[in-house]
Amino acid sequence: MSSNYTRLFRVLFVIILLKLCFLVILYWRSYEGVSSLEAGLAQSQSQTRRMVDIFDQLLVDRREMPSMEQRLRWIRQEMPSFPLEELLQRQRLPAGRADCGPAPDLMNIDFHNTYWQRAQAENLTYYIYGAYYDDREAVPEAPLVRLLTMINQPEDKSFKYPATHCQFWLEGRAKPLIAPVTEHKVMWPFGSAPRRYYPTLMGCRMPKGRHRWEVPQMVSLVADACDRARNLLRVVYEVESQAESGTAATNATEQESPIEEPPLRFAVCVKAMDFPYEDKSWRLIEWLELMRALGAHKVVFYDAQMHPNMTRVVRDYVAESPGFVELRPMSLGRGEPHAPPHFHHYAMEADGFNRILNEMIPYNDCFYRNMYLYDYIGVFDIDEVIMPLGNRTTWPELIEISRAAPDYGGVTPATCKEWVSFCYRNVYYPRYPERPKVYRNLSSSFYMLQHVERVREHCNRGAATKCLHDARFAVGLHNHFTFYHTERASCPAKSVPIEFAQMQHYREPDTKSLLIDPIIDASIWRFQPQLQAQVEQRYRRLGFLPDERQVAATHERQRLEDESMLREAVRQNSP
């Protein structure tokens, strides 16, 4: 009996032990499952969190909203003639008389082709590009504000302009000062055509009284004196700051040295840059560096759509040499859409006369913006250079000798002491592609340094001449001369003999017979080491120089093209 119980207990013990082992194994496996589940959940949560972190770091612009001050600075660059900043300052002023003012607000402005504003007087339409304060000592009408406009009226001595008025808006004064328009200087006396607008400088003298010598902030052009204006332009008055002049005077006093005449300063105005298809970036660099070497302190371009590489060059100069290069906006005054780049280029090319009329606008805008900051201002294209000759290498030296030199042709009186301009006779430097290079050790990436063969004869006085205009006396500029100047204070332009300087024009002459019998004139080689170094440095800065792989690929492509042309020539000549 006892043995049976003993056997039964052993069997039960084994069964219980097996169950316990089973339960232990089951519990262990369930624990691993929970752990793996928890690990899986944790991993999933980590991946989700990582995905969220990635999307939180999207490469988008996260800059804060710019301040109103910064936005106004940008708007001033975009719309140079519209006085938004000054207009906002006037919001704190009282309204003024209901019959004369207040200044027009944004919704009253009749904008035209982005950079222009419109006024109407009887049958005349005025498109206004800019307004400039002129208080030069040599100007008998000063102080006055000049408006640079395009008007549907050519020069006609018998035409009587309808009455128009300027409304001057002064800082801190709610009501405008009223002055009649006293002059219309049409800057195109060479004929007319229907549906054209003509560049015209209009003048309004500052009214006599206690505000006579106060510079207006803004000006409007209206027909009747107290009309509600539909235009409003910033009055440009760019002068040397008092801080700069005060510092110079302080330094002179500290040194206790005699006051010397400051060195002459030169600015260059370039017409609207209309090169959307032709890449002249490399020539532009060489020309700019030569301008700098000759003594130009500032070069002003007007953007009429340039090739991307040319835009890149100009913007690099603006960023790297602030103050030396300036790029300003431009559109056609008659109203052809400023749609870049193809239609705008077509509109400029479609009517050559209309294009030439519009060219007077950037020349004169540039002049009046810079006439207080620079002594002499030249109007050039990027294929034109006034080159001093002999032992003179800079424009300041050239001005000194030009004042003493005789007038070629003897047009100006011998008693003259001041001249509105010094002008230099034109000579052409054509390409002559069929002739070998004169300077074989210089690469073809230099245009002016390589093209030192010119036509033998200079053009006569006044034919394609270019000038350096005295900023004290010039009033209205053309590409080649002045339309108007202060006749009481200065004589007309002096033509400087060619032994002192010449205007080197890097293009083909209109008269093809001049191409015969060229001569070598390498006066530019005096600048070769400096000019070459500066140009090559700019090429490297802009990434214009190819690497060895690109050079090899270019040579291979040229070889294949040459072989293809040779096979084609053999095929055409074979019987």
Counting distance only, does the side-chain N/O of [X] pair as donor-acceptor with the main-chain N or O of [Y] below 3.5 Å?
| X | Y | value |
| --- | --- | --- |
| E397 | T393 | yes |
| R234 | P80 | yes |
| N113 | L332 | yes |
| Q528 | L449 | no |
| T465 | R461 | no |
| K466 | G378 | no |
| Y484 | V186 | yes |
| R526 | N391 | no |
| E384 | D381 | yes |
| N364 | M360 | yes |

State plainly whether the residues [X] and [Y] are in salt-bridge range, i.e. N to O under 4.0 Å.
| X | Y | value |
| --- | --- | --- |
| E286 | R283 | no |
| K280 | D383 | no |
| R355 | D274 | yes |
| R538 | E320 | yes |

Taking atom [atom1] as the centre, does [X] end up with more than 12 heavy-atom neighbours from other residues, nucleotides or ligands that are less than 6.0 angstrom away?
| X | atom1 | answer |
| --- | --- | --- |
| R488 | CZ | no |
| E418 | CD | yes |
| F353 | CZ | yes |
| E137 | CD | no |
| K417 | NZ | no |

Do [X] and [Y] have side-chain atoms, one donor and one acceptor, less than 3.5 Å apart?
| X | Y | value |
| --- | --- | --- |
| D521 | Q504 | no |
| S445 | W282 | no |
| E536 | Q532 | yes |

Which pair of heavy atoms, one from [X] and one from [Y], lies closest together, and at what distance?
| X | Y | result |
| --- | --- | --- |
| G323 | K298 | O-CG, 3.5 Å |
| R403 | Y376 | NH1-OH, 3.5 Å |
| D134 | R146 | OD2-NE, 2.9 Å |
| P492 | T412 | O-CG2, 3.5 Å |

Step-by-step side chain to side chain donor-acceptor pair (under 3.5 Å) determination, S421 to H469 = CA-CA 4 Å; S421 312; H469 305 288; 2.7 Å; yes
Does the gap between the ring centers of [X] and [Y] come in under 6.0 Å?
| X | Y | value |
| --- | --- | --- |
| F483 | H478 | yes |
| Y372 | Y237 | yes |
| H458 | Y424 | no |
| F266 | W395 | yes |

Rounded to the nearest 0.5 Å, what separates atom [atom1] in [X] from atom [atom2] in [Y]?
| X | Y | atom1 | atom2 | answer |
| --- | --- | --- | --- | --- |
| E289 | Q537 | CD | CD | 8.0 Å |
| L233 | Y129 | CG | OH | 11.0 Å |
| I382 | I285 | CD1 | CD1 | 11.0 Å |
| E183 | L201 | CD | CG | 7.5 Å |
| L477 | M371 | CG | CE | 11.0 Å |
| D470 | D375 | CG | CG | 7.5 Å |

message = Let's go through H451 and Y428 carefully: what are the C-alpha distance in whole Å and the side-chain angles of both, what is the deciding distance for ring-ring contact (aromatic ring centres under 6.0 Å, His included) to 0.1 Å, and is it a yes or a no?
response = CA-CA 11 Å; H451 289 78; Y428 291 102; over 10 Å; no
ask   = Applying the side-chain contact (heavy atoms from CB on, under 4.5 Å) test to T200, which of Q153, M187, M150, H184 qualifies?
value = H184
query = In terms of the angle between their ring planes, are Y197 and Y127 parallel, tilted or perpendicular, with boundaries placed at 30° and 60°?
reply = tilted
inquiry  = Ring-plane angle category for Y115 and H338, please: parallel below 30°, perpendicular beyond 60°, tilted otherwise.
reply    =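 Judged by the thresholds at 30° and 60°, the geometry between Y115 and H338 is perpendicular.
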Ring pair (Phe, Tyr, Trp, His ring centres under 6.0 Å) partner of Y506, the single match among F380, Y429, Y432 =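 With Y506 as partner, F380, Y429, Y432 yield a single ring pair (Phe, Tyr, Trp, His ring centres under 6.0 Å), made by Y429.
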Hey, are the side chains of [X] and [Y] touching, using non-hydrogen atoms and a 4.5 Å cut-off?
| X | Y | answer |
| --- | --- | --- |
| C269 | I377 | yes |
| Q530 | R292 | no |
| R472 | R136 | no |

request  = For the pair H345 and Y277, evaluate side chain to side chain contact (heavy atoms under 4.5 Å, CB included) and give the outcome as yes or no after the intermediate values.
outcome  = CA-CA 9 Å; H345 177 71; Y277 308 121; 3.4 Å; yes
